[in-house]
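Quick caveat, the model's predicted, so the values are computed rather than measured. Counting starts at 1 for both ligands and their atoms, following the listed order.
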Amino acid sequence: MTGFVYLVGAGPGDPGLLTARAIELIGRADVVLYDKLIPREALGFAPEGAELVDVGKIGGGPQVPQEETERLIVDHARAGRTVVRLKGGDPFVFGRGGEEAQRLLAARIPFEVVPGVTSGIAAPAYAGIPVTFRGAASAVAFVTGHEDPAKPETAIDWDALARFPGTLVFYMGVRQLPRIAAKLIDAGRPADQPAAIVDRGTFPEQRSLAATLEALRERAAGAGIGAPAITVIGEVAGLRDELGWFERRPLTGRTVVVTRARAQASALAARLREFGAQVVEAPAIRTEPLPVTVPAI
Ligand code: SAH
């Protein structure tokens, strides 16, 4: 019997943004093949004994080639297993999920797609940037910034993007920002248009920065903004200073060690996380019931 493959989006990083369907499917997977940019907590829903395979790839680092990943998915399914292919954000947004679906179709393996919250919407939202806004942006374009703009055969039409009447959302690291900003400005996008970059969006260590398109490229490098990052270009980026909420929580950027006994720690940890803290649970206290002697009456 052939197994079944679920191409599942894990959301952008905050485990609270995993969908109910993702949690349910991870919970009955025989194998989870996961990428680097998934919330670690997602794997905690896998059943005891499930095989967890890291096929992650991160800019430049060691990676399982796509071909090998696809072969693994097919092999596990052919062995009759329930396979969850867990991808960051949404599986069909720059995640090569479409290619994996084609491969499964060719191999006659049944599959389902479970959309996820994409980082191109979630990271701006956590930075206080609505990607559309009445009167300011009635269209939004999602663009991959990983294409090398220096390549003559680049698939990105810079002139069209510069003219695009709405928000541009780039999925890319900060390294590509200077070249992309230059390309857009050369093609006619106003250099003083608001822009923002959101690094590690929705993770407790999220950092964002807003400036004009021209200024952002220098400021981002100086501010130590890294990857993964989403860049937003358009009037809406200017709303970050007003609507940014996540990085403004009172304990943002702080790590708190909770030493309470395990049984009491999680409620406190949850409260601290609500306030923006990163919490390390290190129970240093153990509570035991007092031996109570009931006096005989
Ligand atoms: N399928 C994913 C995108 C995969 S491409 C999705 O829908 O979100 C990988 C790129 O996504 C990264 O280079 C980065 O630009 C962006 N990205 C993924 N997670 C991110 C996060 N938490 N914060 C900011 N950008 C992120």
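- The shortest distance between side-chain heavy atoms of Val83 and Phe111 does not fall below 4.5 Å.
- Smallest separation of non-hydrogen atoms from Asp54 and Tyr34: CB-OH, 3.4 Å.
- The nearest heavy-atom contact from the protein to atom 8 (O) of ligand 1 is Ser119 OG, 2.7 Å.
- Put simply, the residue from Thr231, Thr118, Thr144 that forms a side chain to side chain donor-acceptor pair (under 3.5 Å) with Tyr171 is Thr118.
- Counting heavy-atom neighbours within 6.0 Å of Arg254 CZ, excluding the residue itself, gives a total of 12 or less.
- Regarding atom 3 (C) of ligand 1, its nearest protein heavy-atom neighbour is Val93 O, 3.5 Å.
- When atom types are taken as modelled, the side chain of Arg240 and the backbone of Ala237 share no donor-acceptor pair closer than 3.5 angstrom.
- Where the criterion is an N or O separation shorter than 3.5 Å, residue side chain and backbone included, Asp90 meets it with respect to ligand 1.
- Contacts between Thr202 and ligand 1 below 4.0 angstrom, taking non-hydrogen atoms only, are absent altogether.
- Residue Gln206 does not touch ligand 1, judged by heavy-atom distances below 4.0 Å.
- Judged purely by atom type and a 3.5 angstrom limit, Gln206 uses its side chain to pair as donor or acceptor with the backbone of Thr202.
- You'll find the side chain of Leu213 reaches within 4.5 Å of the side chain of Arg189, heavy atoms only.
- The shortest separation from a heavy atom of Lys87 to ligand 1 is not under 4.0 Å, leaving the residue out of contact.
- No more than 12 heavy atoms of other residues, nucleotides or ligands shown are found within 6.0 angstrom of CZ on Phe133.
- At least one N or O atom of Gly88, backbone or side chain, sits closer than 3.5 Å to an N or O atom of ligand 1.
- The protein heavy-atom contact nearest to atom 7 (O) of ligand 1 is Thr118 OG1, 2.6 Å.
- No part of Phe170 comes within 4.0 Å of ligand 1, judged by heavy-atom distances.
- There is a path of hydrophobic side-chain contacts, each under 4.5 Å, that joins Val143 to Ile233.
- Scanning all protein heavy atoms for the shortest distance to atom 23 (N) of ligand 1 gives Gly201 N, 2.8 Å.
- Closest heavy-atom approach to atom 22 (N) of ligand 1 among the candidates Pro228, Gly13, Pro12: Pro12.
- Residue contacts with ligand 1 for Met172 involve N, CA, C or O but no side-chain atom from C-beta outward (heavy atoms, distance under 4.0 Å).
- For atom 25 (N) of ligand 1, the closest heavy atom belonging to the protein is Ile230 CG1, 3.3 Å.
- Of the protein's non-hydrogen atoms, the one nearest atom 4 (C) of ligand 1 is Phe94 O, 3.3 Å.
- Some N or O of Ala229 is nearer than 3.5 Å to an N or O of ligand 1, by distance alone.
- Here the heavy atom of the protein found nearest to atom 11 (O) of ligand 1 is Tyr171 CD2, 3.5 Å.
- Counting heavy atoms of neighbouring residues, nucleotides and ligands inside a 6.0 Å radius, atom CD of Glu274 does not exceed 12 of them.
- Every atom of ligand 1 is numbered from 1 in the order shown, and the set under 4.0 Å from a heavy atom of Phe203 is 22 (N).
- Here is the list of ligand 1 atoms found below 4.0 Å of a heavy atom in Val198: 24 (C).
- Looking at Arg103 and Glu100, no side-chain N of the basic residue comes within less than 4.0 Å of a carboxylate O on the acidic one, giving no salt bridge.
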Are Thr69 and Leu33 close enough, and set up right, to give a side chain to side chain contact (heavy atoms under 4.5 Å, CB included), and what steps lead you there? CA-CA 8 Å; Thr69 300; Leu33 298 157; 5.6 Å; no
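- Counting heavy atoms closer than 4.0 Å to ligand 1, residue Leu37 contributes side-chain atoms (C-beta onward) but none from N, CA, C or O.
- Nearest to atom 13 (O) of ligand 1 among the protein's heavy atoms is His146 NE2, 3.0 Å.
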